[in-house]
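Naming: A, B, ... by sequence-line order, numbering from 1 per chain.
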2 protein chains.
Amino acid sequence: MNSPHFSTKERILGAAEELFARHGFAGASLRELTATAKVNLAAVNYHFGSKDNLVNEVFRRRLDELSAHRLDALQQVLAKPQPTLEDILSAFIHPALLLSLDKSGGATFVRVLARAYAEHNERLRKFLSENYGHVLKEFAAAFSIQLPHLDKEELYWRIDIIAGALTYAMADFGVIKRRAAMSEKIHRERAAEHLIRFAAAGLRAD
Amino acid sequence: MNSPHFSTKERILGAAEELFARHGFAGASLRELTATAKVNLAAVNYHFGSKDNLVNEVFRRRLDELSAHRLDALQQVLAKPQPTLEDILSAFIHPALLLSLDKSGGATFVRVLARAYAEHNERLRKFLSENYGHVLKEFAAAFSIQLPHLDKEELYWRIDIIAGALTYAMADFGVIKRRAAMSEKIHRERAAEHLIRFAAAGLRAD
DNA sequence: ATATTATTCAAACGATCGTTTGGTTTCCCG
DNA sequence: CGGGAAACCAAACGATCGTTTGAATAATAT
């Protein structure tokens, strides 16, 4: 990720993704980050303005595409005659599954996503809400039709918890490396199916 | 938690639990912590030696009891003629559910537990592994009998991920407060059942 | 080739962190 | 009551953090 044929900005983004996944946002220092990226310490502030904004850009680089995939999948699901809760959840999870299987940092980014859920950083939540809140809003609306017995507050609470647990479960925080990439893909796909069923049960509960 | 009839050590532990849950271990500063506990800044180092050791003691205060409950429940399950995977998972989750329903900080501590999973702090992991690793080891042995097709490495990996997701899902990180305590208890119990089924499916997958 | 802009760099700044110090107060037992 | 241990407190220490500075270098355009 710090190969010389990447630009300074790209090397910083790559190192940031890696170190944010490993140490969290506050835990990753700009000194270790810039050393990993093989750039000068001041390069982060020069190219991104601040560490906070670097965090934003790490998310933007991946979330624009992930959100688009999720909304596409949701639109296809809602076009069906009788969409199920599992269909909607699949539209939410499957794009993240694809991202986690991506070879160039996608899996690392899913771990960063899980960090974002765990660290209840107010500033970051505001950024994500302002830029990608409409995605969760559309999914919440789709869920709401399937779950008329839940009021808005209760639904949002459940989506928040479930989305966090789903993301965490997909994030693969374990220390042990898996053996074969092929077996990993199969495992993740099956895990995603189980996650969908678990989340559907959690949403359907009275 | 900072009532004057609590001792200084207890006030510090209570404030630490609260602030660790809200801001994480690195994110909670001793200055805010001691201000919340209404004690002097130096009191933490006087009574606990260091911030790291304070983190340890926050866990020890709750985990001794939680681990004992889990091992008791596991022993009862293994005494049955045909224990199922769900039985073993229930022995792991149910004590945590009881803790999360505890009125005096138990729910807050479950959020701290979820933090511990998300922050991959090496020092903290070592402390937890040394002091409570035998609990996970006994559960892993019980799982292993039910899941002979999984080798040790794969089993530990799955337990790590699943335990993290379970803990996170139980941690109730959502901002929205629930309305009635009674409805919360019912909701959590049902959520625990769903979690058990989800985790069992994840463990049983090839 | 020269002027202008963009980028990189070593060094320092101010703020905040956990921790330590030395003195004061409080408590308790002989 | 008196004396020694325990507890508390304000203040300072050293380290590390994100950020800024101003000069040196590289790249680009006229």
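Remark: P of D/dA10 and CG of B/N45 are 16 Å apart, rounded to the nearest angstrom. To the nearest angstrom, P of C/dT8 lies 11 Å from CZ of A/F48. Between the CG atom of B/L30 and the P atom of C/dC17 there is a distance of 9 Å, rounded to whole Å. Rounded to whole Å, the distance from CG on B/L33 to P on C/dT16 is 18 Å. Look at CG on A/N53: it is 14 Å from C1' on D/dT19, rounded to the nearest Å. Rounded to whole Å, the distance from CG on B/L41 to P on D/dA12 is 14 Å. Atom-to-atom, OH of B/Y46 to P of D/dA5 comes out at 12 Å; the value is rounded to the nearest Å. Rounded to whole Å, the distance from CG on A/L54 to C1' on D/dG18 is 12 Å.
When each of B/K51 and A/R31 is assigned the nucleotide of DNA chain C bearing its nearest heavy atom, the one mapping closer to the 5' terminus is A/R31. Comparing B/A43 and A/G27, the nucleotide of DNA chain D nearest to each residue sits closer to the 5' end for B/A43.
Side-chain contact, A/N121 with A/R115: no donor N or O sits under 3.5 Å from an acceptor N or O.
Among the heavy atoms of the strands, none lies under 4.0 Å from B/A26. A/A42 comes within 4.0 angstrom of a base, heavy atoms only.
In terms of phosphate contacts, B/N40 brings a side-chain nitrogen or oxygen within less than 4.0 Å of OP1 or OP2 of D/dA10. For D/dC8, one of the phosphate oxygens OP1 or OP2 lies less than 4.0 angstrom from a side-chain nitrogen or oxygen of B/T8. A close approach under 4.0 Å does not occur between any side-chain nitrogen or oxygen of B/H47 and OP1 or OP2 of D/dA6.
Using a distance-only test at 3.5 Å, with no hydrogens or angles considered, a donor-acceptor pair links the side chain of A/S100 to the main chain of A/L97.
Nearest heavy-atom pair across A/S67 and A/V135 is CB-CG2, 3.6 Å. Between A/P83 and A/Q146, the shortest heavy-atom contact is O-NE2, 3.0 Å.
Which of C/dT19, C/dC9, C/dC17 sits closest to the side chain of B/S29 comes down to C/dC17.
Between A/E122 and A/R125 there is no salt bridge, since no side-chain nitrogen of the basic residue lies less than 4.0 Å from a carboxylate oxygen of the acidic one.
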